[in-house]
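Chain letters run A, B, ... following the sequence lines, proteins first, then strands; residues in each count from 1. Hydrogens, waters and symmetry mates play no part in the numbers below; they use all other heavy atoms, side chains included.
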There are 2 protein chains.
Amino acid sequence: MQYETLKAILKKNGSSLTHTRRYIFDLLWGQGPQSMAVLISRAGDKVDRATIYRTIELFERLGIVTRINVGWKYRVELSDVFTDHHHHLHCTNCGKVIDLPSNPMLETMIDTLSAKADFSPRGHTLEIFGLCPACSRA
Amino acid sequence: MQYETLKAILKKNGSSLTHTRRYIFDLLWGQGPQSMAVLISRAGDKVDRATIYRTIELFERLGIVTRINVGWKYRVELSDVFTDHHHHLHCTNCGKVIDLPSNPMLETMIDTLSAKADFSPRGHTLEIFGLCPACSRA
DNA sequence: CAAGAATTGCAAATTTGTCGCAATTTCTGC
DNA sequence: GCAGAAATTGCGACAAATTTGCAATTCTTG
């Protein structure tokens, strides 16, 4: 289950799964990309701002979360370790962000293209902009 | 030439190509992704920071610039309208960002995948993380 | 060229992210 | 389970990044 994986990743890096970290992980679990402001607000006075920043930084460094751009600011979400690898469809009209499950062929192509440039790919983010189903009909 | 295109895009949206905007465009022209801090510093006292923020926001809204994530912060660069469509290889070791020319098949696949989700794609950004040629040999 | 609209600079206000350090929690070896 | 050591957290205080209001200036149009 997810806490075991989380704990294992942390332990492997000499960190531990504290009360607070589990709480922040829970804030991320099952949600789409969230801004720091939202996370801080959702945490209320349960967790201090500084701790949230420090935890997200740690989580990102250990590959637990991924950071993506949404418009001006960034948002964070659990990485592929905890969710299926996916990309994002950003509606430029209503602002909604929709998950798009990835496709093996697309992944292969991205890796191949990188490798041809003599680059060793480890991961990627693909953000697609356009109109969501609702807005493209309006 | 590029200023005509720029002017046309602005005009179409009821804005005009002012000295200041042309100056900021010039700061972007021919350069890779730049941080706001760099743009502000390069502008010196020619353009106020607030104006740079406002202009970049306008440019992004009109599709003149694209914003990408580099680690923690974002950077801006001219959009596909002014450069060849490309993606970025981010070396997680030395921090270098390398342009990767795109591939028609990849583009097609991305559009097709979006369309299957009933989404109308208008553009995208693909950021690949890994080791650059130099770092992967070290 | 004049009038009105858009744009810019300036300075102040917010917001966002960081840091140092003391208090608390977690981990380890009994 | 307990003591001591190490890691983590909260709490300001900071520092940096971004936004905003408004008056002065620049553009656009007729």
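Checking B/T125 against B/H87 by side-chain atom types alone, no donor-acceptor pair falls below 3.5 Å. B/H90 and A/H124 are not linked by any side-chain donor-acceptor pair at a separation below 3.5 angstrom, with hydrogens and angles left out of the test.
Protein atom CD1 of A/I40 is 12 Å distant from nucleotide atom C1' of C/dT18, rounded to whole Å. A/H19 has its NE2 atom 11 Å from the C1' atom of C/dT25, to the nearest Å. With rounding to whole Å, B/I56 atom CD1 is found 16 Å from D/dT19 atom C1'. Atom CZ of B/R22 is separated from atom C1' of D/dC27 by 14 Å (rounded to the nearest Å). The nearest whole Å value for the distance from the NZ atom in A/K7 to the P atom in D/dA7 is 17 Å. The CG atom of B/L58 sits 9 Å away from the P atom of C/dT8 (whole-angstrom rounding). In this structure, CZ of B/R21 is placed 11 Å from P of C/dG9, rounded to the nearest angstrom. Between the OH atom of B/Y74 and the P atom of C/dG17 there is a distance of 11 Å, rounded to whole Å.
OP1 or OP2 of C/dT8 lies within a sub-4.0 Å distance of a side-chain N or O belonging to B/T20. For B/Y53 and D/dT19, the shortest distance from a side-chain N or O to OP1 or OP2 is not below 4.0 Å. Put simply, B/T51 has no side-chain N or O that comes within less than 4.0 Å of OP1 or OP2 on C/dT7.
Only one option out of A/R67, A/Q34, A/H86 pairs with A/E77 in a side-chain hydrogen bond (donor to acceptor under 3.5 Å, both in side chains); it is A/H86.
The A/T18 side chain lies nearest to D/dT9 when the options are D/dT18, D/dT9, D/dA7. The side chain of A/A37 sits closest to C/dT16 out of C/dT16, D/dT18, D/dT28. Closest approach to the A/V47 side chain among D/dG10, C/dT8, D/dT9 is made by D/dG10 (side chain taken as heavy atoms from C-beta onward). For A/S16, taking side-chain heavy atoms from C-beta onward, the closest of the listed nucleotides D/dC27, D/dG10, D/dT8 is D/dT8.
As judged by a 4.0 angstrom heavy-atom cut-off over every strand, B/K11 is placed among residues making no nucleic acid contact. Residue contacts shown for B/Y23 are absent, as no nucleic acid heavy atom lies under 4.0 Å away. In this structure, B/R54 reaches the bases: a heavy-atom distance under 4.0 Å links it to at least one base atom across the strands shown.
Looking at B/R49, its side chain has no donor and acceptor atom pair within 3.5 Å of the base of C/dG9.
Both A/A50 and B/E57 lie close to DNA chain D; mapped to their nearest nucleotides by heavy-atom distance, the more 5′-ward contact belongs to A/A50.
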Q: Under the side-chain hydrogen bond (donor to acceptor under 3.5 Å, both in side chains) rule, what do B/D48 and B/Y53 come out as? Steps first, then yes or no, please.
A: CA-CA 9 Å; B/D48 188 77; B/Y53 277 107; over 6 Å; no
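Judged purely by atom type and a 3.5 angstrom limit, B/R122 has no side-chain atom pairing as donor or acceptor with the backbone of A/L131.
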